Each structure stands twice: as C-alpha cells, then as structure tokens.
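Before any comments, here is the structure.
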Amino acid sequence: MEEKEKKKHRAKHSGPKAEKKRKRYLNDLGIGDEENARKRNPKAFTVQSAVRMARTFHRTQDLKTKKHHIPVVDRTPLEPPPVVVVVVGPPKVGKSTVIKCLIKNFTRQKLVEIRGPVTIVSGKKRRLTIIECGCDINTMIDLAKVADLVLMLIDASFGFEMETFEFLNICQVHGFPKIMGVLTHLDTFKNNKQLKKTKKKLKHRFWTEVYPGAKLFYLSGMVHGEYQKQEVHNLGRFISVMKFRPLTWQTSHPYVLADRCVFFSLFFILSIDCTLIKMFGVGDFTVSDVSFLPDPCALPEQQKKRSLNEKEKLEEVRPNHELVQSLISTHSAIDVKMASSKVSLFMDSKPLGSEDVGQEFVMPKEERQVDLKTGRVRRKAVFEDDEKENEASDEEDDQEEEDDEEAVSEDGSEGDDENDAEEESERVLLREGIAVRRAKRLKTEVAQEEAVNELPAFADSDDDLEMSSEEGETAPEDSEMEEDEEEEEEEEGDVQRTCKDESSDSEFEAPNKRAESKKAVLTTDSGNCTAEEASESEDENSSLEEGDDEGGSHEELEAEESNRNGFQHSQAKKADSVRQTKVKTVDTEDDDVENLLREKEEYEEEIDLSVDTTGALKWKEDLTQKAAEAFLRQQRSTPNLRKLVYGTAVEDEDQESEDADDELGGLFRVSRPDTASKQKANALDCSKFLVEKPQDWDLEEVMNSIRDCFVTGKWEDDKDVTLLKIIHLYGDFEDLETGVVHKGKAAAGGEQEEDEETTKPEPEEEKKKKERMDKKRKLKEMFDAEYDEGDATYFDDLKEEMHKQAQLNRAEFEDQDDETRVQYEGFRPGMYVRIEIENVPCEFVMNFDPHYPIILGGLGNSEGNVGYVQLRLKKHRWYKKILKTRDPLILSLGWRRFQTIPMFYIEDHNGRHRLLKYTPQHMHCGAAFWGPITPQGTGFLAVQSVSGTTPDFRIAATGVVLDLDKSITIVKKLKLTGYPFKIFKNTCFIKGMFNSQLEVAKFEGAAIRSVSGIRGQIKKALRAPVGAFRATFEDKLLMSDIVFVRTWYPVSIPTFYNPVTSLLKPAGEKDSWSGMKTTGQLRYERGIKLKQNKDSLYKPIVREKRHFNKLHIPKALQKALPFKNKPKNLEKKGKTPKDQWRPAVIREPHEKKISALLSALSTVNNYKIKKAKVKHREQLKEYLKVKQKEDEQKFKRQKEAKKKVYRILGQREKKRQKSSLKGSSKGEKSV
Amino acid sequence: SRIEINQTGTTLYYQPGLLYGGSLEHDCSPSRGIGYYLESLLCLAPFMKHPLKIVLRGVTNDQVDPSVDVLKATALPLLKKFGIDGESLEIKINRRGMPPKGGGEIVFSCPVRKVLQPVQFTDPGKIKRIRGTAYSVRVSPQMANRMVESARGILNKFLPDIYIYTDHMKGVSSGKSPGFGMCLTAETINGTILSAELASNPQGQGEAVLPEELGQSCAKLLLEEVYRGGCVDSTNQSLALLLMTLGQRDVSKVLLGPLSPYTIEFLRHLRSFFQIMFKIETKTTEEEHTGGEKVLMTCVGIGFHNLSKTIR
C-alpha cells in the first residue's frame, strides 16, 4: 500500500539540473555544447563577407559608444551632502505614509506628522533628506531642481495622473535626477490577473517616460496603516545604495536647502560661495553673511565608529529641519506610559532653540523657528511639577547620587501622571500651536542656551560651573534671573556676535515667559534630564575643584572648556532618543551620568562637531575655542605670504607683519599691505617685476646658484630618465665628465658590495633599498606608459583625467581646518551653513509655511543681471492650446521662476527673425524675452499660470536657452500699398505709399509688386503729389492694380520681468499666485468684446448671376461666312395675328365615314406590308445560310486543288534545284 | 553695458555688458606700450562672443611695459595650457614702433572658449634652450648683431643651445622712432617659458646705450628671472592666476617665483571681485643650485562660464 502511494521519480526537464545533465550527456556523446561549436566547426564561423563583418563591427561599436556619457569631474566632497529624496505624487496616493514608513525603517522611530524636510542618517556615508512634494506646480518645479532622487508614487488602482507626467517633464527640463516609481494601492485589486496586467501596463508606460528598465517598486497592501515592512525595507535599501551621477546644472550652481529660518538667518544643508542668491519663490538677494556651523546631523563616520547600531541610528535621527519638523520619540519607558497622549503632544513641533533674532522685527509671530528637540521642551515642562523636588534633590545630590537618580525616575513617573492630566487641558492649546507662544518659548530656550554657551568666555571656572549647575537646577523658573545675568554677561563681553539685541529681545520676552513656563507642557523625561544635568555639573564641579584650586591657568580653561562641552553635549542629548532610552534603564545604570561624562571627555575633540542638537547655537559656543585656535595657528605659522597678500589680522599684529618683512628680505619688501598699497595707487600700473638689486652674475657662486636650472646641470636621480635607462641597460658606469659614479642595482660586484653593506648601519641600507624601489617603479611606469599607449581610448584617457582631478580636488585642502578651507575653496557641498540675508520682505516670514520648502540657489557672476534672452521653444505636445506672442508666460529657468512676456519668432532661411503671432503647433520656434541672464544650454519650462488646478496638462512649453544677445532684432512684415495714378508703357507713377520724398528716398531701388503679380522697382520720388514716386515694372500696369512693397519692421521686446513670489502669499494661498493677466483673461473678466475690423469679418459669399451680352457678328463677316456658320437670324414666330388665323375644318358625317374607311384600309395595307417584309427577311436569311455553305465547300475544294498544284510545283522546283546543284558542283569540279 | 556719471561729475560708474569681440582696430596711446593694452586683452579675449581679431597701433617695445615680443613668447603658451588654443591664437608684429612716436602695428587674434581647464603646473623642469630676438629699427643693422654677441657671451656659460634672432625692420615697418632692444626667453623641458627684455632709451631721452651693454644686462636679467624661477615668468603671474580663478570648480596649482608687487595687488583684487583666496605656500628648494624661493599657488576656480558665446 505504502509503496504504491509513493510518488514516482520525475526526471527534470528544465532548470539548471536538467541542463547540466544534458550537457554531460552530450559531452559523453562527443557532440559537446554550443560553446564548442566554434571549435568543432571553425569553417562555419569564418568571415563570409568582409562588408558585413565591417558593418556588424561598426554597429557594435556604435552601440558601445552610445552608452558612454561625457565624463565629468566628481566634485562631491569626501563627506557628501545629504541625498535629497523627493516624494511626489498626486494627492491621496500615500506620500506621507511612504515617508513615515521609510523613517521608521531607518530609525525605528515613528513620525506622525510630516511638516517639511526630514533628514535621517541611513548609513555610514549617507544621509537622506526626504521632502514631500505637493501638487502645487511651484513646489514641483522647485523640488525637481534640487532633487537627487525622485520617488514617484503612482496610485495603481487609478493609473497615471497628470501630476506624475508633469513632474516627469519638469525633471526632464531641469536635469533629470534619478527616478524611481512606486506603485501603491495595489491591495485594491481583488483579481490577481487584473493586478498583474495593471502592473505590466503601468511598468511599460513608466519605462517609456523614464528609460527602459527603470525601477518600479510595488507596495502591496497596508498593514495597520503602514506598508509592509519588508517592502519598505527593500525600498530603503535601494535608496541607500543608489549611485548618482552629478547633474550639470546643480554642480555648476550651488544651492542650499533651508532647514529653518531665524528671522533673517537661514540654515542649510548645501553650501555656496557666491554673493548673489535666488530664493525660490521670493526673489534675488545678496548674502550679507555666511558662516558655517557644525552639522546637527553629522555622519556617524566622524565619531569613529565601525557600524551603526540601532541605538546610534536613533541618535542620528535628528530631524534637523526644525523649522519644519518635529520628531517623536516613543522609545523611553516613560513615554510608553503615556504614549497615546504624548505622541500627539510631541507631534506639535515644539518650537525650540534658535538664534539671534532679527533686528527690526519685534513681532513674535515671525519667529518661525521650531526646533525639534522634543527633549528640550520636556525639560522645561518638568519645572512646574518637580521644581521643589528638584531643588531638594539637588541639595541631596552631593552625597547621594543614586538616590537622586531614583528620585528623578520617580519624578519622571509622577510627572507623567500629572502631565497626563495636564495635557488634556493643554493639548488644545498646544495643538493650535499659537505662534506667539511658540516664539516665546523659543526665546527662553535661546536665552538659556546662550547663558550656558557664553559662560566660559566671561566667567571664572567656578562661576561658570555654578551657573551651569544653577541653571540645571532652576533653569525654567529662574529663567528671568538668568536672562538678567545673561544680559550682564552680554554687556560684559561682546564677542563677535552678529546680533546683539538678543538680550533686548529676551528682555522683551521675559515677562511673558514666566507665564509661559508655568503653562508649558512638560514631560517627565525632561525632568530626568535636568536632574541628571545637575548631578553632572556637580560632578564636574567637584572634580574640578579637586584638580585645580583656582581658575585662570590655561590648562584649566581648556579643561573647563571640555567640561563645558561635555555639559552642553549632555544637555543637548537630553532631547535625544538615546538619552531617552537610557532613561528607560536609569534604575540599573546608576553611574550612567559618570559614564557619559567620561565619554564626553574622550570625545572632547569631536564634540564641537558632533554636538548636534543645539544646532544653530553651536557656532557661537565655539567662538572662544576658535579664537584660541586661530591665535595658535598664527603663532605657529612662520610669517607667511598669505598674510602679506591678504593682510589678515594685520591690525593687531603689526609686529608680526614686520617680522615677516624682515624675514622675507628684499624680495617682498615692496608689498606691505597698508602703506605700500596706498602708495601704489598712484604709482605706475605695470606688470613688470623690476629687479631692484641685480646680483652680480659674473661671480662664480652666484652663477652656481642657478646652475641646476639648466639641462646641463645636475639632475635629480629619479628624474633623469636617460640616466635611468642607461643604468637599467648597462649597470654601473662612470660619468667621465663629472666624475660621478652611477651604480646599477645588480652590478657584477653586487654581492660583495651587499656583503659590505650588511655591516653598514641599517638606515643606509634602507635608504638604498628605497631608492632602488623608486627606480624600479619609475622604470615600470615608463614601460607601462609605452606599452599601454595603444590600448587606451580617448574616452579612457578623459575619464582618467577627470578622476585624477577629482582626487586632487578632494585631497588638496583635506588637512586644513574648516575655517581656512572655507576661505580657500568656499563652502563645500554638504556643509551646514548659516546665511544672513537682508531686506527680505516681511511677508516671507509672516506667511511662512513649513510645508513649502525654502531653497536658495546660488547665481554665477553675471547671472544676476537682467537682459534679453533667446530661447528655442516648443509648445508641449500635451498642452492643448497654442501660445500667443505678447501674452505673459511664467518661465522656470535656471533657479528662477518668473513671469515675462516672450515674443515668438522663427528664423527665415536668410537669417531674419520673423515674428510669429502664435507658436507653431508641432515645431520649434524661437522666443525672446527680457529676463534674467542664464547660461546658454540651460533648459526651461513654461506654464501659463501657477494658480489653481486645471484638469489639463499644465506645462505649456519647454526649450533651451540659446543666446544672450541684446542686439537681437525680431521683425514683423509690413506691407505698404499704393495706387498708380499715371501709367506709361512699363513705367508708372504711384501715390499713396509714402508720405514724403525722404521716405521714398529711403526705399529707392526696393522691389515692389502689383497684386496681379507684376514685379517692379521704385525709381525716384516725384515732386508732386507728396510721397509719390516713379516706378518701373516688367509689364504694363492697369489703373485698377494695387501696388505694394514688403518691408520689415523691428519689434521691441517688452521689458517685463516679474519674479514669482509665491512664498510671500499667506499660508494656504501659496498656490494662488497670479501675476500679470493676459489680455484674453482681462477681456473675459470684464466682458469687453474685441472690436473687430469690419473688413476682416467673414461674410457669406453671394455669387451674382452674370449677364452676358449677345454675340455680335458684323454684317460683312456674316456675309463671308458659309451658310452653315451664318447666324440664322430666324426670329421666333411671334403670335400670329387673329386675322391670319386659319379657321378650323369641320367634316360632314359622310366625309367622316370616308376618312374612317380610308384609315382602316391603310391599316390593313400597312399590316400586309409589314408581314411581307418579315417573310422576305427570313427568306433572305435562309438563302444566305445556304450560300455560305456552298461558299465554304467551294473554298475547300479550291484549297485542295491549290495544294495539289503547289505540291507538284514544289516537287518540280526541288528537282530543278537538285539538278542545278549537281550541275554546278560538276561545273566547279570541272573548273 | 552701462555708464553713469554722477551729478557733480566726480565719479564714473561703469558696468560692463557682454563682450562682443569681432574684428577691431585701435590706435593706442604712444605714452604706454601696446603691451599694456594687450595684457588686459589677453585676460578678456577668451570670453568674447565672437573670436577677437584686433589690430593695435602704437609702441610695440618700450622700457616700461612688457613688449609684444615677450607676450607673444610667454603669454600665448600660457593661454594654451588653459585650453585656449587653436590656429587663430596668435600675435603678429607687422611693424615695430619705438617710443616716443610709435608707429608699430600688431594683430592679435584669439579664439573663444566656454570654460577653462584647470591646470597643475608645479614642475618647471630644466631649461633646455634659450631663444630671443634682437631688434633694431631706424639704426644700423649691426646693432642687433652686437647685442647678440654680448648676450651669448654670458649665457653660453650655462647652456650651449642658444639662438637669438636678429630682426631689423626697414621702411614702413620700422615705425617712426629709432631704437633697438632685445628680448630673451628660456624654455624648459616642461614647456615653461621665462623671459627678460631690455630696450634702448627712447630718442632724445637719457643717454645713449651701447648695444653690448644692453645685451649683457638683458642676459643678466634673464639669469635673474631664472633665479626667481617658477612655472610662469614674472610678467604673466597675474594672467595665470586670473585664468586659474576663472576655471572650473576644480583645484588648480601653479608654482611661481616670488610674487611681484603687481601680482600681490592683483591677488587682492581677485579676492574683492571673486571672493577667492589662494592658498600660498612658500617652497624652499632642498637643492641649492636651483635659484631662490618659490611660491606654490593653489586655488579652486569659481566655475566661470562664458555667457557671451552663442550655441546653436
């Protein structure tokens, strides 16, 4: 039974196994596989046709080269900027969900609300900035310009939507970043087959748009409102390993993605070193100040860690785009307790830390800075509940740290409960996120932070520490006090601060703050943190005191600094999830704080970079350190040329510059920066470098000083190629001229020498060895270069060159510190910088909406100008209308979006630019407009309006910049008409075309034409009437002719340039920017009818009946005509007059009878005749038949007879011929 | 372009527009040499809309400005290093004109480039030959030969490969004033060209100079220049730095001799115009016999594009 049930073995018929088997089988047979076919049967693979061979070769080569891209220098620095991932798609397609899932995937944290860009660290060398792109065409355009990777979300249940195609087209114009499709809503398909079909269909359509084989992701079904984990994971993997080719526009034009804006300062991710900036959606500004800051979202590499464990990743999750974005950390135990309520709380981005406040604006509303550090906020919250406890615990701290910790944790839990209750009431408030409040809170934070930061600069170590501890203890409540202190401090020491009125600002806020702080929603975490901090600071305090009695020594200062750093760091970290996780386990880790401290100290160096959360504030806090560094550097560096040239720090260090002069001696004396340059201003402007003290070149030593500059001089060993070769070939030799002995590496007596050498000290040997190696290497390089020369293609060479350049770029300034680097090479991509911009319209700040990205684009030197630009333009094939000349159009060109009035033209074959009224339907045409100068070859796209939504495709036209020429002349045709008033033979006088003799003179010799097509020429003006002239034609004109001359009239391009300032619109209306309206729109709105020229109206064509006159033939001619052609002028008979009418005949009865009889008889007779006729015809037919037969027979007979006769005749002929032949032959013989 | 003069007439504001180029002619003032004009043209010419072809008339060789001969011998090879080359890059001396009256004529033509290449030009190499021109106009043709003799006498101690052309212009092509002079160039195996020149005192100014003396001192000047060394000779330092600045956003390096005051001033201008700073390192040569201190200049180009050039 069982055996029967067993499955029978089935041999594989396909798959690798079967294949293997088959191969083996064939091999056994000796037939082998296809691979060997060439071997088996070489003749079948020989060249059959050289031509075809050449062609195939050509083709493969073509295909190969087609794959090449022009190599470009990769200018991304070692530490690359974050990859900008833009998530686009129509509404409701799941963009935010994807972002959330991705964030969760990378960070294990949940982000509930997305309000702007989020930056996460996805790997050791990669950061991602994820931005969601709405359907507002402004946003789409802006983001397409800066995107590195586009995630294109497509609702599979619906199919492609216009947004998708629009975005693709925008991308195409602005440099085509990497594009990845993501299909969502796949779970709506119930039918599997349908699903498959749809997938395939969408995939292929996507491929035609992007490129065949473009990656399309499928996100099937949702689980608990999220996509499936594995799928998201895969997507994340794809993103984090993706490679990017630098986009030309982006590499040549720096841009910056703002992550927050503090009044007037903006913080960015990318960097810039040009002075002119275009803020997308706002306008052009000049940068008043740029400084770089430590990156709040630094790469983990910097921390010298091997890999990112989960914890670190968490830490890295710094939603550093505070403006915009808040992070939620649900990780700590405490959080879990109150998870539900908390989450909502955190969601509301807690506004936090930022910086100097703009000067002019006092309106709190404008401070949009929102820092994400949730921790910060939490900490604040603690105060209300836990203050007393804190204070108490602080006192206890000194002795009982453990207790403290516990207490804290308790506090935390308590706080939680309380908070919960509180939150209920608060949440509403929070949710609403009143801007004012936010701003204030922000302020307090700032104040606090600053107090901390500035401390070391001003106070002794003791003070410092006290302050910090104090702060830790009482921060929020005493914030007022602190602020006062801070104020004092500020006044005391004004370090190079950009913004000094901060203190005043904080003052302004102070009263409010109290109230605020009470209200502030606080979380227990923060409670913990403060406590911890306090303990930390205490710790430091004690240790410090032990170590150094008094402050003041330099060492101490440094130590302090480190401590401070540590302190800040820990403070900063409060917010971090790591911290939170730590808090979770607080009970177990008693010495957590100490550990942390130690760690901090270890990382002292890196801290200033890696301290993250304080973000914006960081730049200030390092000031002292930086100053110290700078000083040291200056001390260290020998008097250098740099100082001489650029005069840095000349003011305070006259001494040094003097030193420099002395040291440099006669060579550089001339160029003292201050005095010398002033003198120089009036000196002769000459580039020659005159020799002031010529050396005496007759002296031997002086001559010797340059002896080696000549080929006749001594060569460095490794460079002397000929020598190397000689040595290589012949071993040792002695230069008889100079007496130098050159030694080969393996000479005859080498062994002996080596023996000797072994006794010599080692370093010598080493040196020699090294030399030998060098020589060897040199030789090998030479050989390689010669040998490989033929192999390398131009493409390879180019690539190699670019690669070398890229390496050099990276290596050149690597060893310098950031500050000097920035001076030399500007701000590197990937730096975190702070940019101050002045004169930004206040609406920008007031109407700020974090959902709209702020992007700053850098402009080249002359790109700030406005001028005439020529484009090659084509109406988009999907746009339904054609575009009209002189209608305003919104262009997205370079970084800019602006409205302008283009004039369309087409280039005639003679190079004339002829104005077009409308764009051609399916053809390129030229367009010229007044607008910003943008480099040639830059792509652009045009839309007619950026406001509202239309079901139709929105992109009206695309094209490229051709030229920036002010002298472009676009002309339109103008026909002048005139009328002949006197006609001679071929000459005639024409009037009405011109108004004066002068005008005529200008057109002398011009070609004119009549409407009927007779060509002519303008000859000369006539005296009267005015403007009349003499013209000659190729034929005689008629008086009824109209004459015209074709002229070309230059059109001026309207100088209208209106940047699209969509970001200045109030929130919620940002997509409603409308600039200048077209005349059509205006007419429509106001109901103004176009006044039409009556003549150009179309009327029904009425054809009049033509009347022709009678043909008149002269009498003489008539007479001469033959009768046939003579007009028969028989007049129609008119009505016969009555008197000429003939009377009707009326018959008598008798006569009637007679006529009836007669007609009867004639009928009979007719019948008879008819019958006879028929009969006769038949007889005739019969007769003809008979006759034909007879004829045939007769013919036959005759034929036969003829045959006989001819035969006889023929025989006779033959005989005669025969006989005659014989006779002749005989005759011949006889002859 | 835009020119504004304020109400009081004390300031002039000039905002240049696009550079047009094309065929031009210009009569230079005889108070400065053509070289003075040519230097600035060399900076601008590669960035025109149309290739420049300009005829300049005036003083070709004088004692103040770099002469046309020197620029022809040094600046053009330098431009080539930055990717500005082609048949049309040339300076042709049709007539020589000496101060004070001038009367010389040159033709300068230069192709147009969209972008410049970055250069790494740190090894000057050893000098393989010395060339030069000894010219004389409206004086005895013997003058040139005498200069050559004396110069060779000095230079032969270093290098055998010396050839100095004598260029005696006659008739129309000799300009309006008499004079003579000499310029020498030293070319290294790596294509670096160093130059020195000297011209006689203009007619009626200063005392007469013996051609032998002039030849000798010119040769010594060349030796001085060799002592200074570098990959670019002292006259063209600023040109090289400018072209580096206007390059792609890549690192360019060049080794110079001691910076001339003019160059230092120029560097300051570069900073104020382009916000660019050079990394300046002083290199002292380990070997003794290769002249004085060198300066290694490094910078990252500003990514300049020629906006005037039309594309089709």
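Proteins get letters first, then strands, A, B, ... in listed order; numbering begins at 1 in each. Keep in mind that what you see is a predicted model, and the values were worked out from it rather than measured.
- When A:Arg707, A:Gln805, A:Gln870 are compared by the number of non-hydrogen pairs under 4.5 Å with chain B, A:Gln805 comes out ahead.
- If you take CD1 on B:Ile127 and CZ on A:Phe710, they are separated by 4.0 Å, rounding to the nearest 0.5 Å.
- With rounding to the nearest 0.5 Å, the separation of CG in B:Leu223 from CD in A:Gln695 is 10.0 Å.
- Neither the backbone nor the side chain of B:Glu187 has a heavy atom closer than 4.5 Å to any heavy atom of chain A.
- For B:Phe278, the parts lying under 4.5 angstrom from a heavy atom of chain A are both the backbone and the side chain.
- Between chain A and the options B:Ser252, B:Pro118, B:Ser238, B:Pro124, the largest number of non-hydrogen pairs under 4.5 Å is found for B:Pro118.
- A:Asp963 and B:Lys309 are not joined by a salt bridge, as no carboxylate oxygen comes within less than 4.0 angstrom of a charged side-chain nitrogen.
- For the atom pair B:Gln117 CD and A:Glu801 CD, the distance stands at 7.0 Å (nearest 0.5 Å).
- Using a 4.5 Å cut-off between heavy atoms, B:Phe158 touches chain A through backbone and side chain atoms alike.
- Here the straight-line distance linking atom OG1 of A:Thr934 with atom NE2 of B:His305 works out to 12.5 Å at 0.5 Å rounding.
- Atom OH in B:Tyr227 sits 5.5 Å away from atom OG in A:Ser705 (nearest 0.5 Å).
- Within the 4.5 Å cutoff, the side chain of B:Ser308 has no heavy atoms near those of the A:Leu964 side chain.
- The CG atom of B:Leu239 lies 9.5 Å from the OG atom of A:Ser687; values are rounded to the nearest 0.5 Å.
- In this structure the side chain of B:Glu225 never reaches within 4.5 angstrom of the side chain of A:Phe689, judged on heavy atoms.
- Scanning all heavy atoms of the two residues, the minimum distance from B:Arg32 to A:Cys686 falls at NH2-CB, 3.9 Å.
- Heavy atoms closer than 4.5 Å to chain B are found in the backbone of A:Val961, but not in its side chain.
- A 4.5 Å side-chain heavy-atom check between A:Leu808 and B:Gln120 finds at least one atom pair inside the cut-off.
- Heavy atoms closer than 4.5 Å to chain A are found in the side chain of B:Ile189, but not in its backbone.
- A 4.5 Å side-chain heavy-atom check between A:Trp697 and B:Glu224 finds at least one atom pair inside the cut-off.
- Within the 3.5 Å criterion, the main-chain N or O of A:Asp708 finds a donor-acceptor partner in the side chain of B:Lys126.
- Residue A:Leu699 qualifies as enclosed at atom CG: its count of foreign heavy atoms under 6.0 Å is above 12.
- Contacts of B:Lys157 with chain A are made by both backbone and side-chain atoms, with heavy-atom separations under 4.5 Å.
- No side-chain donor-acceptor contact under 3.5 Å links A:Glu812 to the backbone of B:Thr298.
- Using a 4.0 Å cut-off between charged side-chain N and carboxylate O, A:Asp698 and B:Lys220 make a salt bridge.
- Heavy-atom distances place the backbone of A:Leu690, and not its side chain, under 4.5 Å from chain B.
- In terms of heavy-atom pairs under 4.5 angstrom with chain A, the leader among B:Asp250, B:Thr235, B:Val300 is B:Asp250.
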Test side chain to side chain contact (heavy atoms under 4.5 Å, CB included) on A:Asp965 and B:Lys49 and set out the steps.
CA-CA 9 Å; A:Asp965 196 351; B:Lys49 187 176 188 67; 3.6 Å; yes
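- Interface remark: A:Val691 contributes backbone and side-chain atoms alike to the contact with chain B (heavy atom separation under 4.5 Å).
- Within the 4.5 Å cutoff, the side chain of B:Asp65 has no heavy atoms near those of the A:Lys688 side chain.
- Contacts between B:Asp233 and chain A at a heavy-atom distance below 4.5 Å are absent for every atom of the residue.
- A 6.0 Å sphere centred on NE2 of A:His803 holds no more than 12 heavy atoms belonging to other residues, nucleotides or ligands.
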